[in-house]
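Note that these values count all heavy atoms, side chains included, but never hydrogens, waters or copies made by symmetry. We name chains A, B, ... by the order of the sequence lines, and we start the count at 1 in each one.
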Protein chains: 2
Amino acid sequence: MRLVDQSANAEASVRGEQTKRLIVDTAVRLFREHGYEKTTMRAIAQAAGLSVGNAYYYFPSKDHLVQEFYAQVQDAHHAAWTVASDAATEFVDRLRIAMLTGVEVMAAYHGFAGKFVKTAVEPGSPASPFSEDSRPARERSLALFRSVIDGSTIKIDDELRADLPELLWLSYMGVTLYWLHDMSPGQAKTRLLVEKAVPLIDRLVALSRLRLLRPITREALALYRLLR
Amino acid sequence: MRLVDQSANAEASVRGEQTKRLIVDTAVRLFREHGYEKTTMRAIAQAAGLSVGNAYYYFPSKDHLVQEFYAQVQDAHHAAWTVASDAATEFVDRLRIAMLTGVEVMAAYHGFAGKFVKTAVEPGSPASPFSEDSRPARERSLALFRSVIDGSTIKIDDELRADLPELLWLSYMGVTLYWLHDMSPGQAKTRLLVEKAVPLIDRLVALSRLRLLRPITREALALYRLLR
DNA sequence: GTCTATATCTAGATAGAC
DNA sequence: GTCTATCTAGATATAGAC
C-alpha cells in the first residue's frame, strides 16, 4: 500500500518535473525569439499547450522563469570555458578566456538582456546574483573563476588568494553590467574592455605582493571582508 | 491680434506648467509616503484632482516622474553639501562629506529606492544615470565632485586630474548601489564603507604619482577614456 | 499532487471625444 | 488640455477533473 502510494507519488512528481521543464524550455525559447516583455505568460502557456494557471502552479512569477534562463546561460558558459581553457596555463590567458566565453554565450541575448537586469538588481529579488535563490548558479560561476586561478602558474599573495575568485567574479559582474549598456556593433567595446582590463588585473595582482603596496592591499581586503 | 494670441498662448503654457508642477509634487509626495509601486498613476491623478489621461499628457510614463524625484534628491544633496563642506580643505574630508551627505539625503527613501533602480539600470531608460534625460542631474552631481577636488589642497597627477571628478562620481554611484542592498540598521554598513573607502581612494590618488605606478595609472586612464 | 478553464483584479498605457 | 472608456498583461481566485 505504502509502496503503491510512493510509486504513484514518484510517477506524479516525474510528470510534474516534465511539465516544469516543458514550461521552462518554452519560455526560454520564446524569450530568445521575441524578447522578454513581448513574451506573455499567456503566450508561454499557449505555446506549451497548458493553461496559464498551470504555469503559475510551478512558477510563482514570470521573474522566476528568468532564473531558469540564467541557469542555462551558466551551463553554456561552463561548457565553453572547459573546452577553451584546456591548454591555457597563464593566469592572464585563463582570465581572458573566462570572460570572453562568458560574453560569447550571452551574445545572442543582448537585445533583451536589459529587461532581465531590471529584476536582477532589485534588492531582495530572487533573480539577484547575490540572492539565496541564485546561490547554485553563483557557486558554479565562482568555481569557474577558482579554476582560472588554480589551473594557472601565477604566484599570489597568500591573503589575496582566498578572496581572489570572488573578486574576479565581481569584476565579471561588472563586465556584464558594461556589456548590457554596450551598444557598439557586436559589443566590440566590451571585448576591448576584457582584452585591456585583464592584463591590468594581472599586473595589479602581481603588484600587490610588493612591500610598498602591501598595506593598502591588506586594508582593502579587510574592508571587503567586513562589508560583503 | 498677434499680441493677443501670444498672450493667450503664454497664459496657457503657464497654466500647463502649473499642472505639470502639481502632478510632479503630488507624485513625489505619494512616492515618499507610500513607496513607488504602491503609488499608482490613478492615485496620483486622483490626489492631484486630475484624470489619468491628463497625467500622461505631461509625462509619457511613470518612470519619467522618477526623474523628477531624482532632481529633488539632487537639490537636497547640493544644499547639504554646500553647508557641510564649507570649512573642509582636505581632499579626504571633502570626499567623505560629499558621500555622507549624499547617503543622508537619500536615507528617508531607502525603503523603496530599490524599486527605482530597477528602471534606472535598464539600458536606454530615461531614468538611467547615464542617459541623455539625466544629463542635467548628472552635470550637477559632477559639478559637486569637481568642487570636492577644487576646494581641496591635494596634489594630483595632471593626467588623472581631468577625469577624477567623473571617477569620483562613478564611485559614488557604486556606493549608492551598495546602499540600495544594505539592509543593516540605518545603513550603517554603507557609512562604514564610506569611512574606510575614502581614505583608500585618497591614498590611491597620492600613490598614482609614484614612478612605479605611473604606467599602470596611464593605461587604466586610457582604457577608461576609450570605453566610456 | 497535477492540471484545466474561466472570471476577475490591478495597474500601466492609449484612443478618441470634447 | 482634459476627460472617459478601453486595452494589455501580470497575477489571483475559484471550482472542478483526474
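- With rounding to whole Å, A/Y57 atom OH is found 17 Å from C/dA5 atom C1'.
- Ring-centre distance between A/H77 and A/Y172: below the 6.0 Å cut-off.
- Among residues two or more places apart in sequence or in another chain, the side-chain contact (heavy atoms from CB on, under 4.5 Å) test is passed with B/R146 by B/L142, B/A143, B/D150, B/P165.
- With sequence neighbours excluded, the residues that form a salt bridge (Lys or Arg N to Asp or Glu O under 4.0 Å) with A/E122 are B/K115, B/K118.
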Summary of protein contacts for nucleotides 3-17 of chain D, nucleotide by nucleotide, where a base hit scores B, a sugar-phosphate-only hit scores S (4.0 Å, heavy atoms): BB----BBBB-----
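- Within the nucleic acid shown, B/Y58 comes within 4.0 Å of sugar-phosphate atoms alone, with no base atom in reach, counting heavy atoms only.
- Put simply, CD1 on B/I23 is 10 Å from C1' on D/dG1, counting in whole angstrom units.
- Of the side-chain N and O atoms in B/T19, one or more sit less than 4.0 angstrom from OP1 or OP2 of D/dT2.
- Identified under the salt bridge (charged side-chain N to carboxylate O under 4.0 Å, His left out) test for residues 51-80 of chain B, with sequence neighbours left out: B/D75-B/R140.
- With sequence neighbours excluded, the residues satisfying salt bridge (Lys or Arg N to Asp or Glu O under 4.0 Å) with B/R96 are B/D93, B/E195.
- For the salt bridge (Lys or Arg N to Asp or Glu O under 4.0 Å) test, no residue two or more places apart in sequence or in another chain qualifies with B/D133.
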